[in-house]
Amino acid sequence: MTYSGASSRTLSGEISEEAAGREYTLKGWVMHFRDHGGLIFIDLRDYSGIIQVVFDENEKNESFKSAKKLKNEYVISVTGVVRRRPAGTENSNLKTGNLEILAASVSILNTCETLPFQIDEETDVNELTRLKYRYLDLRSKRLRENIIFRSDFAHAVRDFLGKKGFYDIETPFLTKSTPEGSRDFLVPSRLNQGHFYALPQSPQLFKQILMVSGFERYYQIVRCFRDEDLRADRQPEFTQLDMEMSFVEMKDVIRLSEELFESIFKKVLGAELATPFRVLDYDEAMNTYGSDKPDTRFNLLIANLSDIFKDSSMNLFRDTLSKGGVIKSICLPGGYDIVSRKDIDELLAVVKDFGGKGLAWTKVSRDGSLEGGISKFINAGEKNSLLTKTGGKPGDIIFFQADSNKTSNNVLGRLRLYLAKKYNLIPGEKLDMLWVVNFPLFEYSEEEKRIVSVHHPFTAPAMNDLKYLETEPLSVKSESYDLVLNGEEIGGGSLRIHDASLQERIFKILSISPEDAKVKFGFLLDALSFGAPPHGGIAFGIDRILMLLRNEHSIRDVIAFPKTQKAYCPLSEAPSGVTEAQLKELGIRLIKKD
RNA sequence: GGGGCUGUAGUUCAGACGGUUAGAACGCCGGCCUGUCACGCCGGAGGUCGCGGGUUCGAUCCCCGUCGGCCCCGCCA
């Protein structure tokens with residue numbers, strides 16, 4: 001359904017075959033002005049679509065003369081009779097391609113400067129220019145459809161969650177800085193000089209407090225802010241679908257999320273989504289894909305070869321194993337021919353960039369023997385086991401990492417993605433959605449020299465692991481889950497700690513003193529002590545999901561007004577300096593740079 | 001903080017050992033054209049070669065710096 005905006009106007013999308021012979025007034029933009037001398041065609045675009053308008057010199061009216069003055073992207077009002085196009089001149093690319101409007105009168109509602117770039121041009125215009133004139137780029141078919149898709153997506157979310165009894169509740173944007181996690185955007189307070197609000201990295205604490213308040217089912221499509229460096233899939237402000245539920249277990253959150261996506265896919269894509277999604281254990285994801293957000297659209301799986309090379313003639317392998325490291329590999333099918341010496345040099349550079357020390361390799365030749373690289377250090381027995389474990393066949397190449405388990409997984413995981421891209425192994429049309437579960441609760445931060453949360457400090461530990469929370473914290477698993485689509489993390493959540501004493505134990509392990517905890521999260525801890533129900537939730541990255549569903553390469557293309565990699569908005573020119581008076585009012589003085 | 005690619009007409013790009021007047025396509029302006037739909041044909045205008053400095057008789061080209069854009073690493077509980 002469309003809305004014409006006024007009774008005096010008809011939309012192009014409302015013009016159908018039955019309208020032929022009747023007179024209408026349409027308003028919109030001039031696209032593709034085509035002057036044939038005695039006959040002028042334009043495509044008139046409004047928000048519902050496009051229809052062709054004809055101006056004919058032989059028609060006894062003023063419209064033809066006026067039409068000579070039209071240019072691309074002028075805003076006009078046209079009145080005329082709808083008619084079927086002459087046989088043979090239909091345009092099957094347009095919905096209204098069988099029809100046209102014979103103009104009786106036309107008036108120019110507004111003119112348009114010469115465009116800085118052509119709308120819908122097939123060549124890629126520099127993104128800075130497109131962002132500066134974002135309103136023009138948003139007129140293009142591609143961006144326009146992305147933004148409308150986003151709106152439809154949000155409707156589908158609200159529709160589903162509303163029916164499931166969720167309340168849409170807003171949480172503050174001006175809130176408290178929390179030192180854990182990513183860097184905060186700070187907002188100075190005029191009324192409390194020297195004090196700052198922070199824009200929320202997510203509504204995490206507030207949504208938990210809403211559970212304490214007894215709302216039981218909360219959701220919000222909400223902006224989140226993180227002052228970190230940007231990427232194609234990261235903007236300083238981005239949108240989450242944030243949810244929280246009381247009295248749920250992990251399987252409830254997972255099932256509800258699957259139903260949510262089923263419902264959305266049906267509504268916005270008209271597609272059936274197969275549920276339940278595949279569930280991958282964190283350890284399995286790390287050991288076979290080398291990533292906690294595995295792209296499972298292609299194989300190139302990691303194999304553990306430590307057993308095979310126990311008595312290797314290679315010092316590197318033996319030394320690594322004796323130090324508690326591992327020997328792991330991936331096998332690239334067909335790599336014998338397609339990977340050259342030069343390619344291997346390139347891959348070595350890539351591996352080093354990812355933290356690997358080197359890149360051992362061997363090719364499997366046509367006759368099944370090993371060739372090149374480290375082949376001369378591999379004996380017949382090792383060779384047979386190697387080919388069995390890696391699935392290596394004649395014509396393949398096998399890459400090795402001898403390092404700690406963590407580094408080997410990470411390096412091979414990244415190499416896996418690099419090879420898949422380089423050699424086009426990723427099927428384009430596929431959508432692979434899966435859960436990763438059983439994340440560790442903690443990890444050791446070399447940088448901070450302490451144990452930190454993998455997820456966040458309110459994540460519940462797995463019940464079975466509670467007994468060695470203090471003795472072996474790094475082997476404790478958590479009640480958390482990530483949703484992964486085509487190798488992108490598109491959502492994550494956990495069951496939360498709803499017991500103040502357990503929360504205190506966690507803080508202790510994280511080396512957060514009771515005093516610190518009180519200063520940082522006191523309001524949440526207080527709330528938990530007043531009858532907090534068991535609860536848990538999840539948050540989805542809307543921008544990333546839309547990017548993947550629209551087959552875009554950057555979330556900028558699904559956001560109406562995105563920022564550049566330097567977090568600059570070329571349209572509004574934000575951020576900008578402010579006046580001395582504004583600073584004074586806030587009690588802020590700027591430091592001069594050297 | 002680091003690595004890679006990049007900046008020439010409004011747009012997308014080409015260009016030259018360092019040497020007269022820096023090209024093409026699209027767009028724009030003017031003209032012609034009655035069935036086009038990325039209309040066609042003819043003509044024309046349009047450039048601080050990102051910015052600053054250096055080398056040079058001479059720099060868009062070489063060198064140094066700087067600013068911007070994109071991709072990536074670090075970072076993003």
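Chain naming here is simple, since letters A, B, ... match the order of the sequence lines and numbering starts at 1 in each. Values reported hereafter were calculated over all heavy atoms of this structure, with side chains retained and with hydrogens, waters and symmetry mates removed.
Between A:Arg550 and A:Asp557 there is no salt bridge, since no side-chain N of the basic residue sits under 4.0 Å from a carboxylate O of the acidic one. The residues A:Glu57 and A:Lys68 are annotated as not salt-bridged, no charged nitrogen and carboxylate oxygen being separated by less than 4.0 angstrom. Ion pairing between A:Arg144 and A:Asp120 fails under the 4.0 Å rule for side-chain N and carboxylate O. The residues A:Glu228 and A:Arg226 are annotated as not salt-bridged, no charged nitrogen and carboxylate oxygen being separated by less than 4.0 angstrom. For A:Asp281 and A:Lys477, the salt-bridge test fails: no basic side-chain N is under 4.0 Å from an acidic carboxylate O. The existence of a salt bridge linking A:Asp124 and A:Arg130 is excluded, since no basic side-chain nitrogen approaches an acidic carboxylate oxygen closer than 4.0 Å. Using a cutoff of 4.0 Å between basic side-chain nitrogens and carboxylate oxygens, A:Glu488 and A:Lys293 are not scored as salt-bridged.
Rounded to an integer number of Å, the gap from A:Arg183 CZ to B:rG74 C1' is 11 Å. Atoms CG (A:Asn126) and P (B:rG68) sit 15 Å apart, rounded to a whole Å. Separating the CG atom of A:Asn72 from the P atom of B:rC26 is a distance of 15 Å, rounded to the nearest angstrom. Put simply, CD1 on A:Ile119 is 14 Å from P on B:rG27, counting in whole angstrom units. A:Asp229 places its CG atom 9 Å from the P atom of B:rG1, with the value rounded to the nearest Å. For the pair A:Glu228 CD and B:rG1 C1', the interatomic distance rounds to 13 Å; values are reported in whole Å. The CG atom of A:Leu44 sits 21 Å away from the P atom of B:rU36 (whole-angstrom rounding). Between the CG atom of A:Leu128 and the P atom of B:rC70 there is a distance of 7 Å, rounded to whole Å.
Checking A:Ser554 against A:Phe458, the closest nucleotide of RNA chain B that is more toward the 5' end is the one next to A:Ser554. Heavy-atom nearest nucleotides on RNA chain B were determined for A:His456 and for A:Thr564, and the one closer to the 5' end corresponds to A:Thr564.
Across all strands, A:Glu59 comes closer than 4.0 Å to no nucleic acid atom at all (heavy-atom distances). Among the atoms of the strands shown, only primed sugar atoms or phosphate atoms (P, OP1, OP2) are found under 4.0 Å from some heavy atom of A:Val125. If you check every strand for non-hydrogen atoms under 4.0 Å, A:Thr178 touches nothing. Residue contacts shown for A:Arg83 include a base, since a base heavy atom lies under 4.0 Å away. At a threshold of 4.0 angstrom between heavy atoms, the contacts of A:Arg556 are confined to the sugar-phosphate backbone, with no base atom among them.
Contact between the side-chain N/O atoms of A:Lys71 and the OP1/OP2 oxygens of B:rC29 is found at a separation under 4.0 Å. Distances shorter than 4.0 Å separate some side-chain N or O of A:Arg414 from OP1 or OP2 on B:rG74.
Spacing of C1' atoms, B:rG27 relative to B:rG19, comes out at 33 Å, to the nearest Å. Atom name P, nucleotides B:rG50 and B:rC61: the rounded distance is 8 Å, in whole Å. The gap from the C1' atom of B:rG18 to that of B:rU56 amounts to 9 Å, rounded to the nearest Å. Across B:rC37 and B:rC26, the matching P atoms stand 15 Å from one another, rounded to whole Å. A gap of 11 Å separates the C1' atoms of B:rG10 and B:rG47, to the nearest Å. Between B:rC71 and B:rU8, the distance separating the two C1' atoms is 23 Å to the nearest Å. Across B:rG54 and B:rG1, the matching C1' atoms stand 29 Å from one another, rounded to whole Å. Nucleotides B:rC64 and B:rG4 place their P atoms 13 Å apart, quoted to the nearest Å.
With a cut-off of 3.5 Å on both Watson-Crick or G-U wobble distances, the partner of B:rC26 is given as B:rG10. With a cut-off of 3.5 Å on both Watson-Crick or G-U wobble distances, the partner of B:rC37 is given as none. Pairing for B:rC61 is absent, judged as Watson-Crick or G-U wobble with the two contacts each under 3.5 Å. B:rU21 is unpaired under the Watson-Crick or G-U wobble criterion, no partner having all donor-acceptor distances under 3.5 Å. The nucleotide B:rA45 finds no pairing partner, because no Watson-Crick or G-U wobble arrangement with both distances shorter than 3.5 Å includes it. Across all strands shown, the partner of B:rU66 is B:rG50, judged by Watson-Crick or G-U wobble contacts whose two distances both fall under 3.5 Å.
Annotation: A:Lys449, atom NZ; neighbour count of heavy atoms from other residues, nucleotides and ligands within 6.0 Å is above 12.
Pairs engaging residues 345-357 of chain A under the side chain to side chain donor-acceptor pair (under 3.5 Å) rule: A:Glu346-A:Tyr418, A:Glu346-A:Lys422, A:Lys357-A:Asp403 [sequence neighbours left out].
We find the OG-CD1 distance between A:Ser453 and A:Ile506 to be 7.5 Å, quoted to the nearest 0.5 Å.
For a distance-only test at 3.5 Å, the side chain of A:Arg226 fails to qualify as a donor-acceptor partner of the base of B:rC75. Between the side chain of A:Arg231 and the base of B:rG74, a donor-acceptor pair under 3.5 Å is found.
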Show me the protein contacts with nucleotides 37-41 of chain B, counting only N or O atoms at under 3.5 Å.
| residue | atom | partner | partner atom | Å |
| --- | --- | --- | --- | --- |
| B:rC37 | O4' | A:Arg34 | NE | 3.1 |
| B:rC37 | O2' | A:Arg34 | NH1 | 3.4 |
| B:rC37 | O2 | A:Gln52 | OE1 | 3.4 |
| B:rC37 | O2 | A:Asn91 | ND2 | 3.1 |
| B:rC37 | N3 | A:Arg85 | NH1 | 2.7 |
| B:rC37 | N4 | A:Arg85 | NH1 | 3.3 |
| B:rC37 | N4 | A:Thr89 | O | 2.3 |
| B:rA38 | N1 | A:Glu122 | OE2 | 2.7 |
| B:rC39 | OP2 | A:Arg34 | NH1 | 3.4 |
| B:rC39 | N3 | A:His36 | NE2 | 3.4 |
| B:rC39 | N4 | A:Asp35 | O | 2.2 |

Using a cutoff of under 3.5 Å, can you pull out all pairs of nitrogen or oxygen atoms linking the protein to nucleotides 6-10 of chain B, with atom names and distances?
| residue | atom | partner | partner atom | Å |
| --- | --- | --- | --- | --- |
| B:rG10 | O2' | A:Pro116 | O | 2.5 |

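Cation-pi check for A:Arg450 over A:Phe442 is not met; the charged atom does not lie both under 6.0 angstrom from the ring centroid and within 45 degrees of its normal.
Looking only at atom types and distance, the side chain of A:Ser408 has no donor-acceptor partner in the side chain of A:Asn405 under 3.5 Å away.
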